[in-house]
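All remarks here apply to the structure that follows.
Sequence lines set the chain letters: A, B, ... in the order given, protein chains first and strands last, and positions in each chain run from 1.
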Protein chains: 2
Amino acid sequence: MFKKVLIAEDMEDINKGVFSLLTELGVSQIDQVQYCDDAYLKVKRADLDSVPFDLVISDLSFKVDHRSQTYPSGQALVAKLKSDFPSLKVIVYSVEDRLQAVRTLFNQHDIDAYVCKSRTGLKNLTQAICEVAKDGKFLSPEVSNAFSAENELEIDDYDISLLDNLSKGLSQDEISALYKKENISPASLSSIEKRLNKLRIQFNANNAIHLVAIVKDLGLI
Amino acid sequence: MFKKVLIAEDMEDINKGVFSLLTELGVSQIDQVQYCDDAYLKVKRADLDSVPFDLVISDLSFKVDHRSQTYPSGQALVAKLKSDFPSLKVIVYSVEDRLQAVRTLFNQHDIDAYVCKSRTGLKNLTQAICEVAKDGKFLSPEVSNAFSAENELEIDDYDISLLDNLSKGLSQDEISALYKKENISPASLSSIEKRLNKLRIQFNANNAIHLVAIVKDLGLI
DNA sequence: AACAGTATTACGGTTTTCCGTAAGGCAACG
DNA sequence: CGTTGCCTTACGGAAAACCGTAATACTGTT
């Protein structure tokens, strides 16, 4: 099991929850920070002093306040940590459940586990810690399909067009009529429904509104 | 373009950001102050010396500290500046996005531009500076509807909450249940429908998807 | 040409949204 | 005290979205 662990989480209560979980798991040295920059500095310091951390458990979103930060988000922190200290284990613990975001963390930043904050968040986090301690990886069930359907997670121009027309207020019926007029295929209402359904699954969206909100945030449209 | 500009902003980093923006725009003389009183004194001094400022970019909220101030807020400073030096251009740059506050600044104090600090704040500020240099006015998109319609199209916190929950993928039914649980009124499905209908009309949206897309573009959520 | 695999379309049923109408609650006002 | 106007809620029907299933069309391969 890990000996020295750092928790980066701005909400105090959650921070404490994770702390007591780690204590139960027998972790002797636990440090806690509420800012991304502090997290990086602590890891850096510990490394220089040859008493490095074994594991960092980090949130993704930190509320901004008066203190300006070099690393404005958990993503930025994780990216920097993994690039500077490749052997350091990193578990991301966040409410974020967008599959795209999770994929990026694993593929680009090579994190070791992703746990969704939820009713069973701490339970999953326990699993994750145990798994990572054995050099394994862990993925919360909420986002387990981030990689399961590796087949088509690419978005083509047709998808973008669909989402764009949706965001402009056209109904699926109207989009179908438009595509028929402009000889864009597929144009049937059924195909449009099917495609949107695929996109909803890909982006973990509850409905079309949610889907459009997500892809707008991602800057896809 | 302007030659001599004063920045009144208590947060140092933002102050610096605006400074470098002005430098890029070719402004040669830039003064920076962190207190409202200093801003007024500098403008007064420059006017007496016949080397007046062309433009003041001011925040609205200044954190209070040990130094007691004659002008406790950006509003007070702006009011005094515009009344003493009517030809001086004033751009307000603030996080404040309450429409009433913005209206007051334009109507009562005759400011030249209002820019909201946001993700695209500096971009908007650039636009504003260019517009004001040409004797024009500028209004950030976030508060663009402060004057768009004279009828009551005020958007309140409830509306924002509604739109926010919609964009998170909740159905109207789920929002109703949530509001009932949290004692937020009105909570009935019917009222939620009605309110959303009002918002759709206000923003000229065809449906809920369109509505959420529009308010996201406006930066309301 | 026959085949398999995939993409497109069609269709039916359920849920959700959209929209008009109307009833009930509540406060201001004469 | 009743009236008026506004806000909230309830209800019902039409439209649209959602979801599974199945038939048809198209692709490339042998």
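Side-chain contact between A:Arg195 and A:Pro186 is present, with heavy atoms from C-beta onward closer than 4.5 Å. Taking the side chain as every heavy atom from C-beta outward, A:Val92 and A:Val102 never approach each other to under 4.5 Å. Residues A:Phe106 and A:Asp112 form no side-chain contact, since every pair of their non-hydrogen atoms from C-beta on lies 4.5 Å or further apart.
Annotation: A:Lys137, atom NZ; neighbour count of heavy atoms from other residues, nucleotides and ligands within 6.0 Å is above 12.
Looking at residues 174-187 of chain B, you'll see B:Pro186, B:Ala187 sit with a heavy atom under 4.0 Å from some atom of DNA chain D.
The NZ atom of A:Lys194 sits 17 Å away from the P atom of D:dA17 (whole-angstrom rounding). Atom-to-atom, CD1 of B:Ile192 to C1' of C:dC18 comes out at 14 Å; the value is rounded to the nearest Å. Per the geometry, OH belonging to A:Tyr158 stands 8 Å off P belonging to C:dT8, to the nearest Å. D:dA15 atom P lies 17 Å from atom CG of B:Asn206, rounded to whole Å.
A residue-by-residue look at A:Ala208 and B:Ser191 shows that B:Ser191 has its nearest nucleotide of DNA chain D further toward the 5' end.
Distances shorter than 4.0 Å separate none of the side-chain N or O atoms of B:Gln172 from OP1 or OP2 on C:dT15. Between C:dT9 and A:Ser190, no contact under 4.0 Å exists linking OP1 or OP2 to a side-chain N or O. Between B:Arg200 and C:dC19 there is a side-chain polar atom (N or O) within less than 4.0 angstrom of OP1 or OP2.
Among the heavy atoms of the strands lying under 4.0 Å from A:Ser171 are primed sugar atoms or P, OP1, OP2 only; no base atom is included.
A:Lys117 forms a cation-pi arrangement with A:Tyr93, by the criterion of a distance under 6.0 Å to the ring centre and an angle within 45° of the ring axis.
Under the ring pair (Phe, Tyr, Trp, His ring centres under 6.0 Å) criterion, A:Tyr40 pairs with A:Tyr71, sequence neighbours left out.
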